[in-house]
Amino acid sequence: MVTTGIGWDVHRFAEGRPLVIGGVTIPSEQGLLGHSDADVLVHAVIDALLGAAGLGDVGEHFPDTDERWRGADSIELLRSTRELVAVGGVEIAHVDATVLIERPKLLPYKPEMRENIAGALQLPLARVNVKATRGEGMGFVGRVEGAAALAIATLERPEE
Ligand code: MG
């Protein structure tokens, strides 16, 4: 059986925070605010994987009220998610994601983001894709109030 899951996340921009997206720390005047490293892309991918596996959402597994996850490296959370999902013959077939961010431009960083996500999920690069788009000056993305990401994950599961 093939199952799919969607993921969506948003984080607000704030001064004095590192900008971490897809496990890459990107030079920027401001970063994203969050309990963990606020890696909006990785959080969307985690939710997509949990969705495809029927395992709830990121907040249930890594609650932002838990001191364990303060400043957490979200790539580590993604590794833990793989261990939750890829069990009992379940295989991660593909992950695709889009980051919505006005600036900075993510083009130079996308290959490393893809490598980081594929590495954490123990997948070949061909099974992971990362895209980025701007808000064209509209909405919270366009006004640089925050960044968002959406993701879709596909799992191949043994017949039950
Ligand atoms: Mg988040």
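As the structure lists them, so they are numbered: ligands from 1, and atoms in each ligand from 1.
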Under 2.8 Å from the Mg ion (ligand 1), the protein N, O or S atoms found are D9 OD2, H11 NE2, H43 ND1
Exercise. Is the CD atom of E145 crowded by more than 12 outside heavy atoms at less than 6.0 Å?
Worked result: yes
* **I6, CD1 atom: more than 12 neighbouring heavy atoms under 6.0 Å** => no
- Query: More than 12 heavy atoms of other residues, nucleotides or ligands under 6.0 Å from NZ of K131: is that the case?
  - Reply: yes
*Say whether, by atom type as modelled, one donor and one acceptor occur between the side chain of H61 and the main chain of L55 under 3.5 angstrom.*
yes
Any donor-acceptor pair under 3.5 Å from D96 side chain to I152 backbone: no
- Message: Using modelled atom types and a 3.5 Å cut-off, is there a donor and acceptor pairing between side-chain atoms of R12 and backbone atoms of L33?
- Response: no
